[in-house]
Peer 1: 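Just passing along the structure, written as structure tokens.
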Amino acid sequence: MCAFAPFILNPFPEGSGLAQFNAGYPDLMQRFVIFGIFAIGFNILFGLTGYLSFGHAAFLGVGSYAGIWMMKLLTLNVIPAIIGSIVVAGLFAAIVGFISLRRSGIYFSILTLAFAMMSFALAYSVLTPLTGGETGMQLQYFDPRILDAPLPEGQTPRASLFGLEMAASYELEVGRWLFTFNAGYYIAAIAMLIAFYGSIRLFNSPFGMMLRAVKSNQNRLSYTGISPKPYTLAAFIISGMYAGLAGGLLVAMDTQVGAERMFWTASGEVVLMTILGGAGTLIGPVLGAGFIKYFENIVSKINKSVLEGWFAWMPDWMTDVTVTIIYPFVGKGWHLTLGILFMAVVIFLPGGLVQGGQKLATVLRRDRKSKDAERDAAIQRQAGE
């Protein structure tokens, strides 16, 4: 499915009124899979152990900074940057987890939030030589890069994978459709598939069963003589490493990073992704990440002029009324629509989008069985006659 995403996400022809809803362009597809990795990692902690972290964006940011410094000091090849992002984020997660996991429940959540906000403050103002402060960090042609040849003066550094640039794209025109195949997207998609396979193995392993036991009844587990702390700390570190991988891939795609990736809203976003998709499920966080990023990048771009074009066939007064009613829910008000949908999912589908899909599949199977039963009964009546 990832391989055919440029086709699946571009269902409407270019130039049509519905082309606004196409999501098959490289930047958005990259964000789908990268934030899918972020949500998969968060789900390992929250979905399996029940520990709700409000500071997971700290590991995303730390991974991003580690990645860009690897590209500045070593090479523009993304492999060392990604490895460095995972390692540094994992080490930082070990420190944060060792302290935060001394508490549970809301106290744990507040501690992780405090660490994330401290990290944001350090990156934004205190550690400016290392982070670039409020302007952020980006690659420069004069960076040392000891493993690469010097770049010509003024040339923009571009991340690559053994010579293949992340921004390299191939466009295919089929009638009125335009499909873009981007190297960076496919590299990020391969990383997501590997991360997803790793989460499957972890969920189905004895270690995953121990994490479920922690979530089910931590006190009872302690009574058996098994300390839950090593397991929860290991889950926290693994989750942080997933976030670091996502941060490294973000740098590989746009070769710049800012402190805003550590802000508390970024941590809240991954919580929404996981709960919306289905916490504790395998595919749910990926669906939630895609859903939220689609709203952020597509629905947020619908402005008044777009709405007026859609409803131009109506009488003028009706167009004005319709646009006035709909506009607060799109464009800058897309958060309002997302909030309403999130409330609906939490109230009616506690298991997230995955539960909604399962219910729909159950209804379809039931309808099919009833139709098959009616057909068999009709055949038997005809045979009796």
Peer 1: Checking the side chain of S267 only, and the main-chain atoms of A57 only, is there a donor and an acceptor separated by less than 3.5 Å?
Peer 2: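 Yes, the answer is positive, given that a donor and an acceptor are paired below the 3.5 Å cut-off.
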
Peer 1: Got a sec: does the CZ of R103 have more than 12 other heavy atoms crowding it under 6.0 Å?
Peer 2: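 No, because the 6.0 Å sphere around CZ of R103 holds 12 heavy atoms or fewer from other groups.
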
Peer 1: If you define the side chain from C-beta out and look only at heavy atoms, does anything of L60 sit under 4.5 Å from M262?
Peer 2: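 SC-SC contact between L60 and M262 ruled out.
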
Peer 1: Can any side-chain N or O of Y327 pair as donor or acceptor with the backbone N or O of G333 at less than 3.5 Å?
Peer 2: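 Here the side-chain-to-backbone pair does not exist.
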
Peer 1: Could you go through the side chain to side chain contact (heavy atoms under 4.5 Å, CB included) check for W69 and V88 one step at a time?
Peer 2: CA-CA 11 Å; W69 273 106; V88 173; over 6 Å; no

Peer 1: Measure across L250 and R261 and return the closest heavy-atom pair with its distance rounded to 0.1 Å.
Peer 2: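 Smallest heavy-atom distance, with atoms named: CB-NH1, 3.6 Å.
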
Peer 1: Any idea which heavy atoms bring F196 and I40 closest together, and the distance?
Peer 2: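 F196 and I40 have their closest heavy atoms at CD1-CD1, 3.9 Å.
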
Peer 1: Distance-only check: which donor-acceptor pairs under 3.5 Å involve side-chain atoms of residues 355-362, not counting sequence neighbours?
Peer 2:
unit_1, atom_1, unit_2, atom_2, d
Q355, OE1, G351, N, 2.4
T362, OG1, Q358, O, 2.9

Peer 1: When you measure from the side chain of R158 to the backbone N and O of L76, does any donor-acceptor pair fall under 3.5 Å?
Peer 2: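 No, the answer is negative, given that no donor and acceptor are paired below the 3.5 Å cut-off.
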
Peer 1: Please say yes or no: joined through hydrophobic side-chain contacts below 4.5 Å, possibly via intermediate residues, are V323 and F329 part of one cluster?
Peer 2: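 In one cluster: no.
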
Peer 1: Test Y185 against L28 for side chain to side chain contact (heavy atoms under 4.5 Å, CB included), laying out the working first.
Peer 2: CA-CA 9 Å; Y185 160 72; L28 183 53; over 6 Å; no

Peer 1: Specify the closest pair of heavy atoms between N43 and G278, including all atoms of both residues, with the distance to one decimal.
Peer 2: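 What the structure gives for the nearest pair is OD1-O, 4.5 Å.
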
Peer 1: Write down the atom of S169, the atom of N182, and the distance for their closest heavy-atom approach.
Peer 2: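 Between these two residues, the closest heavy atoms are OG-ND2, 2.9 Å.
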
Peer 1: Please check if the side chain of T319 supplies one atom and the backbone of F311 the other of a donor-acceptor pair under 3.5 Å.
Peer 2: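 Here the side-chain-to-backbone pair exists.
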
Peer 1: Verify, without hydrogens or angle tests, whether T112 (side chain) and S53 (backbone) share a donor-acceptor contact under 3.5 angstrom.
Peer 2: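 Checked: no pair found.
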
Peer 1: Under 4.5 Å between side-chain heavy atoms, counting indirect links through other Ile/Leu/Val/Met/Phe/Trp/Tyr residues: same cluster for F21 and F295 or not?
Peer 2: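 F21 clusters together with F295.
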
Peer 1: Using the ring pair (Phe, Tyr, Trp, His ring centres under 6.0 Å) definition, which of the options Y65, F38, F236 pairs with F59?
Peer 2: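 The ring pair (Phe, Tyr, Trp, His ring centres under 6.0 Å) with F59 is passed solely by F236 among Y65, F38, F236.
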
Peer 1: Once you round to the nearest 0.5 Å, how far does CG of L122 lie from CG of L127?
Peer 2: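 One gets 5.0 Å once the value is rounded to the nearest 0.5 Å.
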
Peer 1: Strictly distance-based, threshold 3.5 Å: is any side-chain N or O of S239 a donor or acceptor partner for the main-chain N or O of A235?
Peer 2: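 A pair under 3.5 Å: no.
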
Peer 1: Under 4.5 Å between side-chain heavy atoms, hopping through other hydrophobics if needed: is there a path connecting F4 to Y25?
Peer 2: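 Yes, it is one cluster - the side chains of F4 and Y25 are joined through contacts under 4.5 Å.
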
Peer 1: Looking at every non-hydrogen atom in both residues, tell me the closest pair between F207 and A234 and how far apart they are.
Peer 2: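 Minimum heavy-atom contact is CZ-CB, 3.8 Å.
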
Peer 1: Going through the distances and angles, do S305 and N303 end up as a side chain to side chain donor-acceptor pair (under 3.5 Å)?
Peer 2: CA-CA 6 Å; S305 60; N303 52 34; 2.7 Å; yes

Peer 1: Looking at CD1 of I275 and CG of L353, how far apart are the two atoms once the value is rounded to the nearest 0.5 Å?
Peer 2: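 Between atom CD1 of I275 and atom CG of L353 there are 12.0 Å.
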
Peer 1: Check whether any side-chain N or O of K215 sits under 3.5 Å from a backbone N or O of Y51 as a donor-acceptor pair, and report yes or no.
Peer 2: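 Looks like no, no N/O pair under 3.5 Å.
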
Peer 1: What is the distance from atom OG1 of T75 to atom CZ of F162, rounded to the nearest 0.5 Å?
Peer 2: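 Going from OG1 on T75 over to CZ on F162, the span is 9.0 Å.
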
Peer 1: Donor-acceptor pair, distance only, cut-off 3.5 Å: does the side chain of S100 make one with the backbone of V96?
Peer 2: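 Yes.
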
Peer 1: Which one of L287, L282, I283, T281 satisfies the side-chain contact (heavy atoms from CB on, under 4.5 Å) criterion with P285?
Peer 2: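 Answer to the side-chain contact (heavy atoms from CB on, under 4.5 Å) test with P285 among L287, L282, I283, T281: T281.
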
Peer 1: Answer yes or no: does atom CH2 of W310 have more than 12 heavy-atom neighbours from other residues, nucleotides or ligands under 6.0 Å?
Peer 2: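 Yes, because the 6.0 Å sphere around CH2 of W310 holds more than 12 heavy atoms from other groups.
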
Peer 1: I'd like to know whether the aromatic ring centres of F181 and F7 sit less than 6.0 Å apart in this structure.
Peer 2: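 For F181 and F7, the ring centres are under 6.0 Å apart.
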
Peer 1: Is there a donor-acceptor pair under 3.5 Å between the side chain of D143 and the backbone N or O of R145?
Peer 2: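 Between the backbone of R145 and the side chain of D143 there is no qualifying donor-acceptor contact (under 3.5 Å).
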
Peer 1: Could you pull out the closest heavy-atom pair between I37 and Y242, with the gap in Å?
Peer 2: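 Result for this residue pair: CG2-O, 3.6 Å.
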
